[in-house]
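Just so you know, ligand 1 is whichever comes first in the structure, and atom 1 is the first atom listed for that ligand.
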Amino acid sequence: MADSESDFNLKVVLVSFKQCLNEAEEVQLDHYLAGWKGLIRFLNSLGAIFSFISKDVVTKVQIMEGLCGGPGREHYSTLQSMVAYEVGHKLVDLERRACHPDSGCRTVLRLHRALRWLQLFLEGLRTSPEDASTATLCTESYNASLAAFHPWIVRRAVTVAFCTLPTRRAFLEAMNVGPPEKAVEMLGEALPFIERVYSISQKLYAEHALLGLP
Ligand SMILES: CCCCCCCC/C=C\CCCCCCCC(=O)N[C@@H](COP(=O)(O)O)[C@H](O)/C=C/CCCCCCCCCCCCC
């Protein structure tokens, strides 16, 4: 992995997701986006073959930063306030992308689905044997999450990219939290926070029938 990423520390990134939740268990968008920006740095370090994925995440984070810093910014402090605002003011395309192609609700939905992939992949890394194939772990977590929402051509490109992934040991070392055993321990502590953010967001989107936004 690239030297410029040598200060990457996955623990710091995962802590952003811990900080996401306020006392009312609402998802604070600034911390959520900070977590994604940290993940983008890691993705960039994996090489050019992952750049089509990285570009898509960057675009989505930029859309959200535009909304969070735009004229309606007071409605974009939490996921809950954003959903209430956009749904309440009919700012979400429900059937097909039309008047509001880049609503906050549809943009976060894509990141939310990807967070499920991340949770499954990191859980796979944590619990798998030392010689486990990261391509297999990645494919399994992808098939159990994002794949259902992607067309054939994207699924194909992603599967090819997975074959270039580093080994499980290299991944654990790249987390920069010490030896592989320490990284496994850190994942055990941090993954419940990702899981919590994911399940709160999932419940919110389900309650508003937003899980299938085009
Ligand atoms: C030391 C270990 C740390 C692991 C950290 C991994 C960091 C990974 C960072 C990001 C994960 C990928 C996020 C993918 C977001 C995909 C969002 C999406 O579904 N976009 C599609 C739909 O958007 P719209 O067209 O409706 O606007 C878009 O069409 C997709 C485009 C590109 C393909 C995305 C494939 C996602 C594959 C997920 C696996 C990433 C593999 C990373 C390897 C570690």
Side-chain angles (χ1 to χ4, degrees), residues 1-2 5-17 32-64 93 96-97 100-126 128 133-178 180 182-184 186-187 190-191 194 198 210-214:
M1 297 190 195
E5 298 299 326
S6 58
D7 58 344
F8 175 90
N9 179 332
L10 192 69
K11 188 173 181 182
V12 172
V13 176
L14 297 184
V15 163
S16 297
F17 288 101
Y32 191 82
L33 298 177
W36 274 105
K37 283 162 105 171
L39 291 173
I40 289 167
R41 286 188 61 206
F42 180 78
L43 198 53
N44 286 338
S45 77
L46 289 177
I49 196 162
F50 288 91
S51 63
F52 73 105
I53 301 176
S54 172
K55 276 184 193 145
D56 185 65
V57 191
V58 167
T59 302
K60 284 170 173 54
V61 168
Q62 284 173 344
I63 291 170
M64 289 313 300
D93 288 338
R96 62 189 171 80
R97 286 181 91 183
H100 307 290
D102 290 329
S103 67
C105 288
R106 71 93 59 192
T107 303
V108 170
L109 178 62
R110 271 63 184 170
L111 296 176
H112 167 69
R113 290 169 178 163
L115 196 64
R116 176 71 177 154
W117 164 80
L118 180 71
Q119 182 201 335
L120 295 175
F121 177 60
L122 293 180
E123 185 61 18
L125 274 184
R126 186 181 82 83
S128 56
S133 149
T134 51
T136 304
L137 292 175
C138 215
T139 304
E140 286 174 355
S141 46
Y142 177 71
N143 287 342
S145 56
L146 281 166
F149 306 102
H150 290 161
W152 179 86
I153 187 73
V154 170
R155 294 202 304 270
R156 187 81 202 109
V158 162
T159 310
V160 171
F162 288 167
C163 296
T164 71
L165 286 173
T167 62
R168 177 179 180 275
R169 185 183 181 86
F171 256 115
L172 292 171
E173 286 174 353
M175 291 177 194
N176 269 345
V177 290
K182 276 274 166 212
V184 166
M186 181 279 288
L187 288 176
L191 280 176
I194 297 237
Y198 177 82
L210 297 174
L211 285 169
L213 290 180

Which part of Phe171 is near ligand 1, with near meaning a heavy atom under 4.0 Å away: side chain, backbone, both or neither? both
What one should report as the nearest heavy-atom pair of Val177 and Ala183 is CG2-CA, 3.5 Å
Which atoms from ligand 1 have a heavy atom of Val154 less than 4.0 Å away? 33 (C)
Regarding ligand 1, does Trp117 bring an N or O atom to under 3.5 Å of one of the ligand's N or O atoms? no
With heavy atoms only and a cut-off of under 4.0 Å, state how Ala174 meets ligand 1: side chain, backbone, both or neither. neither
Can you check side chain to side chain contact (heavy atoms under 4.5 Å, CB included) on Leu10 and Leu187, steps first, answer last? CA-CA 9 Å; Leu10 192 69; Leu187 288 176; 4.2 Å; yes
Nearest neighbour of atom 12 (C) of ligand 1 from the list Ile53, Leu14, Asn9, Thr159, on a heavy-atom basis: Ile53
Where the closest heavy atom to atom 42 (C) of ligand 1 is concerned, which of Leu43, Ile63, Thr59, Leu172 has it? Leu43
Compute the shortest N/O to N/O distance between Arg97 and ligand 1 and return yes if it is under 3.5 Å, no if not. no
Given Leu122 and Met175, is the side chain to side chain contact (heavy atoms under 4.5 Å, CB included) satisfied, shown in steps? CA-CA 11 Å; Leu122 293 180; Met175 291 177 194; 4.2 Å; yes
Heavy-atom side-chain proximity of Arg106 to Asp93 below 4.5 angstrom: no
Atom indices of ligand 1 within 4.0 angstrom of Val158 heavy atoms, with elements: 35 (C)
Ligand 1 to His150 polar contact by distance, N or O atoms, under 3.5 Å: yes
Can you list the ligand 1 atoms lying under 4.0 Å from a non-hydrogen atom of Val57? 13 (C), 14 (C), 15 (C)
Would you say the side chain of Pro180 lies within less than 4.5 Å of the side chain of Glu173, judging by non-hydrogen atoms? yes
For Tyr142, the ring pair (Phe, Tyr, Trp, His ring centres under 6.0 Å) test, sequence neighbours excluded, returns His150, Phe162
Report yes if the side chains of Tyr198 and Leu118 come closer than 4.5 Å at any heavy-atom pair, otherwise no. no
Tell me the contacting part of Phe162 for ligand 1: side chain, backbone, both, or neither, using a 4.0 Å heavy-atom threshold, strictly below. side chain
For Ser133, give me all partners under side-chain hydrogen bond (donor to acceptor under 3.5 Å, both in side chains), at least two apart in sequence or on another chain. Thr136
Residue Ala114 vicinity, atoms of ligand 1 by number, heavy atom under 4.0 Å: 13 (C), 14 (C), 15 (C)
Atoms in ligand 1 with a heavy atom of Met175 nearer than 4.0 Å: 1 (C), 2 (C)
Quick one: which ligand 1 atoms are inside 4.0 Å of a heavy atom on Leu46? 43 (C), 44 (C)
Do other residues, nucleotides or ligands put more than 12 heavy atoms under 6.0 Å from the CZ atom of Arg155? yes
Who gets closest to atom 26 (O) of ligand 1 by heavy atom: His112, Arg155, Arg106? Arg106
Could you check Leu14 against Met186 for side chain to side chain contact (heavy atoms under 4.5 Å, CB included), going step by step and ending with a plain yes or no? CA-CA 10 Å; Leu14 297 184; Met186 181 279 288; 3.9 Å; yes
Are the side chain of Arg168 and the backbone N or O of Ser128 linked by a donor-acceptor pair below 3.5 Å? yes
Candidate with minimal heavy-atom separation from atom 30 (C) of ligand 1, of Leu146, Asp56, Leu165, Asn44: Asp56
Report yes if some N/O of Arg110 lies less than 3.5 Å from some N/O of ligand 1; otherwise report no. yes
Per-residue contact class, Arg113 against ligand 1 - non-hydrogen pairs under 4.0 Å: neither
